Amino acid sequence: MRIDNEPKLNFEDVLLKPKRSTLSSRRDVDMTRKFTFRNSGKVMDFLPIFASNMDGVGTFSMAKEMQKHKMMTVITKTTTPEQWKEAAGTGLRMQSVSVCTGTNVMWDPEAQDWANMKQVLEMFPDVKMITVDVANAYHQNMVDFIKKVRDEYPNKVIVAGNVVTPEMTEELIINGADIVKIGIGPGSVCTTRTMTGVGVPQFSAIVECSDAANGVGGHIMADGGCVHPGDIAKAFGGGAHMVMIGGMLAGHDESEQPVVDGRVEFYGMSSDRAREVHGKRKDGYRGNEGRLISLPHRGPVEPTLEDILGGVRSACTYIGARRLKDMAKCASFVTTNNVINRVYERNTKKHRTNQRETGRQDQEVEFFQGDQESDTQGRPLLVREMVLCCTDTDSNRGQECWHDTTHRHVVWSIRHIGLGMGWIPVAR
Ligand code: 5GP
């Protein structure tokens, strides 16, 4: 057994340090990047923020909004060739989307996602990117699969993931991937860390894996854990060449999900809900590593995209980066454990289960900023997921101790009035 005692950081543990800058306006920042990919040799020019291949995010409607800003979308792997055909005539730019597959074809020659991908690439040669997405890309199978995809599609840009360590980043690049997706467990509807105890804090994973990718001429895409535009800026500053987002785009009109009583479902792609929606059986071995949440409907995605781009642009001006590409070079960070002033916010908590009824000690709750679950534009104000650890019966002051799911902070709350009383960092 070995313990790596070097501190590993999440986005909320760091802040970009401002620097003297000659940029007079946010407009002066060049937000697009030209990439020359290592294995395909393809040259592509885009704004390197990706909509994730999740239900409610990786849709054609989302892609059409994303492409207006030269951003990219990975279309979900359950999207059929017929749906691609329908979308093709509606203004979709094929260069702005990636097709997606898993690795099931290695065991099942009839695997639907692989068959869909092949058909889509035949019908639309302008689709330049293939995303091979599995929750755990550490299997030797994955490496073999990437070699096979590279052999079959030598000129396509291959995105492979997910991993969180430098060695595996290198391994995937050396074996044919152009871009490696980084992130195990940071996602907004992901429960891998609580279900399996596996993961690496996302900011450190980005820093370490981008260094490894740069060493072998590859690229990385930071995937998961961005909650605010500033987190995307931190990911770029930490060395991510591209950033993928899911939850920040969920719940909008472009999610193509039904709105019921002003709310929209959003779920992890390894959740029971996803299996239910896509008619897959639970086989008794597969865990449920995603969760289902209900979001307030947020209207069109455009204002959210403007917020995201405005935030990242502004970060560039603060650190003197004339181009998005320069962010990692210009960035220096300070570590901190209290990055946001919450003086005007009140934490309210929402119990999933009532502890006294169930007698369970581990309950999941959601803490929201203020009294409401959403801001004036209907955007969710979820602060973080909390787990009830213990009740302070000794002092009998009716306090409860809540840990966030990364076990980095506790909140003491007065049980009777349900107010979060403050954040207390826990020693790591
Ligand atoms: P977010 O931007 O919402 O924080 O994270 C999005 C990312 O979470 C996705 O791109 C994907 O990598 C990951 N993800 C999506 N669904 C699941 C799931 O059910 N389980 C896990 N472990 N990760 C998921």
Side-chain angles (χ1 to χ4, degrees), residues 10-12 49-59 62 66 71-78 98 100 102 131-138 142 159-164 179-203 205-206 209 220-232 234-235 240 242-252 255 257 264-278 280 282 286-293 295 298 301 304-305 308 366 379-380 382-385 404-406:
N10 277 310
F11 293 127
E12 66 207 27
I49 298 178
F50 283 66
S52 171
N53 48 295
M54 298 173 74
D55 290 359
V57 182
T59 65
M62 190 67 74
M66 297 287 284
M71 292 191 275
M72 307 285 289
T73 302
V74 182
I75 303 297
T76 60
K77 55 184 148 193
T78 51
S98 168
C100 183
T131 301
V132 182
D133 185 47
V134 293
N136 169 7
Y138 281 82
M142 177 68 172
V159 184
N162 281 21
V163 301
V164 278
I179 304 164
V180 177
K181 236 159 24 97
I182 307 301
I184 293 189
S188 57
V189 281
C190 159
T191 56
T192 295
R193 290 180 185 169
T194 41
M195 291 297 288
T196 68
V198 175
V200 172
Q202 184 68 349
F203 182 75
I206 293 169
C209 296
I220 64 152
M221 185 186 301
D223 175 19
C226 291
V227 178
H228 309 289
D231 297 334
I232 300 176
K234 290 174 191 178
M242 292 150 231
V243 178
M244 175 173 264
I245 50 178
M248 288 182 80
L249 301 177
H252 290 97
S255 298
Q257 293 282 325
V264 182
E265 265 189 4
F266 179 49
Y267 46 83
M269 298 312 288
S270 322
S271 65
D272 282 348
R273 180 68 182 135
R275 273 191 280 275
E276 204 176 283
V277 169
H278 297 296
K280 289 192 189 134
K282 204 169 173 188
R286 204 180 286 264
N288 174 4
E289 288 181 28
R291 62 194 183 111
L292 163 70
I293 58 164
L295 292 174
R298 299 161 76 189
V301 77
T304 303
L305 297 183
I308 290 172
E366 290 168 348
R379 289 180 293 209
L382 181 62
V383 175
R384 67 187 71 221
E385 195 187 331
D404 76 0
T405 44
T406 58

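As the structure lists them, so they are numbered: ligands from 1, and atoms in each ligand from 1. The structure presented is a predicted model; accordingly, all values stated were derived computationally and were not measured.
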Inset, instruction - Identify, with sequence neighbours excluded, every residue that meets side-chain hydrogen bond (donor to acceptor under 3.5 Å, both in side chains) alongside Lys234. - result: none
Legend entry - Residues which pass side-chain hydrogen bond (donor to acceptor under 3.5 Å, both in side chains) with Ser271, listed by chain and number, not counting sequence neighbours: none
Inset, instruction - List in chain and number order the residues that pass side chain to side chain contact (heavy atoms under 4.5 Å, CB included) with Ala51, two or more places apart in sequence or in another chain; answer none if no residue qualifies. - result: Val57, Met62, Met66, Thr73, Leu249
Between [X] and [Y], is there a donor-acceptor pair closer than 3.5 Å when you use the side chain of the first and the backbone of the second?
{"X": "Ser98", "Y": "Val74", "result": "no"}
{"X": "Gln202", "Y": "Ile182", "result": "yes"}
{"X": "Asn162", "Y": "Ile184", "result": "no"}

Legend entry - Close residues, ligand 1: non-hydrogen atom nearer than 4.0 Å: Ser52, Met54, Asn162, Gly187, Ser188, Cys190, Thr192, Asp223, Gly224, Gly225, Met244, Ile245, Gly246, Gly247, Gly268, Met269, Ser270, Ser271, Glu289, Gly290
